[in-house]
Amino acid sequence: MKVPEHVSIIMDGNGRWATERGLDRTAGHMEGVESVRACTEAAVECGVKYLSLYAFSEENWGRPQSEVDALMGLMFKSMVEELSNFLDNGIRFIVLGNRQRLAEALNSEIDACMEKTKDNGTLTLVIFLSYSGKWDILQAAKKFALEVARNPGREEELMAMGPEGFDRYLVTAGIPDPDLIVRTSGEMRLSNYLLWQGAYSELVFSDLMWPDFRKEAFRSVLETYSKRDRRYGKVK
Ligand code: IPE
Ligand code: IPE
Ligand code: MG
């Protein structure tokens, strides 16, 4: 089976999963953490090298403060609890997004977790937190503009840059583009996710709510991916 190097998931449907059961939306987010654990394990078992997860978008700051707080609290707690698992299983942990908007305590815990796991090589687990694709492209363009302004002698060389050159200004610099983007809960949109990096990703949509998306579902989307024919605009 052709295994994708980088699988990315838009984890959606926690709220509906909870509401359908008469539970508080937070209960759905908590159950969703179990799916993160299961999919991380499955990714290691299947030989996937990068698993990235859309955990919180820039737009999600617009949710009720109580839900935002619950999600941030859950992020903090899960990270602390999972550290030993990351160390035991060779998982490198990375958080990408607009980190300036995160609380100081959360940021320092993220830094500590990233530092402790930085030399692990079995799987890189990327959590996109306070992330959006347009934000990423814009911050990259600003970095590029600053570099041009600060290097008057290198203008011509810098302006000759192609798409690969631009990759290094994005927060995902050094991480291969996702081969596969999965979205759960039956929604068929990108919701401002990896707009640049997902240019040639295969898309798979699952009707399962994220808390129900476990190992079997993960293996099944890999199976679907292995049957896809990627042509990159060429003729085969
Ligand atoms: C995904 O589940 C988690 C986040 C976006 C943070 P939702 O909270 O969006 O769940 P639904 O879509 O309302 O069911
Ligand atoms: C997308 O889900 C963002 C994450 C999964 C983190 P949303 O539930 O926020 O997206 P919309 O509102 O359905 O587009
Ligand atoms: Mg949603």
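Along the sequence shown, residues are numbered consecutively beginning with 1. Order of listing sets the numbers, starting from 1, for every ligand and every atom in it.
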- Message: Any nitrogen or oxygen of Gly15, side chain or backbone, less than 3.5 Å from one on ligand 1?
- Response: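 N/O-N/O distance under 3.5 Å: yes.
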
- Return yes or no for this condition: an N or O of Arg25 is under 3.5 Å from an N or O of ligand 1.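 Yes - when backbone and side-chain N and O of Arg25 are compared with those of ligand 1, one distance drops under 3.5 Å.
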
- Taking just the N, O or S atoms of Asp12, which one is nearest to the Mg ion (ligand 3)? OD1

- Task: Begin from the C-alpha positions of Glu45 and Lys215 and carry the test salt bridge (Lys or Arg N to Asp or Glu O under 4.0 Å) through to its verdict.
- Result: CA-CA 10 Å; Glu45 286 162 10; Lys215 279 191 176 185; 2.7 Å; yes

- Query: Among Glu58, Arg189, Met11, Glu59, which residue places a heavy atom closest to atom 13 (O) of ligand 2?
  - Reply: Arg189

Which segment of [X] sits under 4.0 Å of ligand 1 when only heavy atoms are counted:
X     : result
Thr19 : neither
Arg63 : side chain
His29 : side chain

Residue, atom name and distance, where the atom is the protein heavy atom closest to [atom]:
atom                    : value
atom 14 (O) of ligand 2 : Ser191 OG, 2.7 Å
atom 10 (O) of ligand 2 : Arg183 NH2, 3.3 Å
atom 9 (O) of ligand 2  : Asn60 ND2, 2.9 Å

- Message: Looking only at the aromatic ring of each residue, does the gap between the centers of Phe128 and Tyr193 stay below 6.0 angstrom?
- Response: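 Yes, the ring of Tyr193 comes within the 6.0 Å limit of the ring of Phe128, centre to centre.
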
- Examine the proximity of ligand 2 to Arg16 and report which part, side chain or backbone, both or neither, has a heavy atom under 4.0 Å away.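 Answer for Arg16: neither.
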
- Part of Phe56 within contact of ligand 2 (heavy atoms, under 4.0 Å):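 It is the backbone that touches ligand 2; the side chain stays farther off.
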
- Flag: protein heavy atom within less than 4.0 Å of atom 2 (O) of ligand 2: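 At least one protein heavy atom is under 4.0 Å away.
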
- Under 4.0 Å from any heavy atom of Ile10, which atoms of ligand 2 are there? 5 (C)

- Task: Enumerate the atoms of ligand 2 whose separation from the nearest heavy atom of Asp12 is less than 4.0 angstrom.
- Result: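 Checking each atom against Asp12, I get 2 (O), 8 (O).
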
- Quick one: does NZ or CZ of Lys116 land under 6.0 Å from the six-membered ring centre of Phe86, within 45 degrees of the ring axis?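 The answer is no, since Lys116 fails at least one limit relative to Phe86.
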
Is it the case that the side chain of [X] and the backbone of [Y] share a donor-acceptor pair, with hydrogens and angles ignored and the cut-off at 3.5 Å?
X      : Y      : result
Asn192 : Gly133 : yes
Asn151 : Gly153 : no
Ser57  : Asn60  : yes

- Task: Report yes or no: does a heavy atom of Ser185 sit under 4.0 Å from some atom of ligand 1?
- Result: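 Checking ligand 1 against Ser185, which is what was asked, there is no heavy-atom contact under 4.0 Å.
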
- Query: For ligand 1, is there an atom lying under 4.0 Å from some heavy atom of Ala55?
  - Reply: yes

- Counting only heavy atoms not in Lys134, do more than 12 sit closer than 6.0 Å to its NZ atom?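 Counting other residues, nucleotides and ligands, NZ of Lys134 stays at 12 neighbours or fewer.
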
- Message: Could you report the tightest heavy-atom contact between Trp210 and Cys39, atom names first, then the distance?
- Response: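 Distance-wise, the nearest heavy atoms are CH2-SG, 3.7 Å.
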
- Could you walk me through whether Leu51 and Thr40 pass side chain to side chain contact (heavy atoms under 4.5 Å, CB included), step by step? CA-CA 7 Å; Leu51 173 66; Thr40 305; 3.9 Å; yes

- Using the salt bridge (charged side-chain N to carboxylate O under 4.0 Å, His left out) rule, pick out the option among Arg228, Lys2, Lys49, Arg230 that qualifies with Asp179.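 Of the listed residues Arg228, Lys2, Lys49, Arg230, the salt bridge (charged side-chain N to carboxylate O under 4.0 Å, His left out) partner of Asp179 is Arg230.
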
- Message: Measuring from atom CH2 of Trp135 to atom CZ of Arg101, what distance do you get when rounded to the nearest 0.5 angstrom?
- Response: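 Going from CH2 on Trp135 over to CZ on Arg101, the span is 10.5 Å.
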
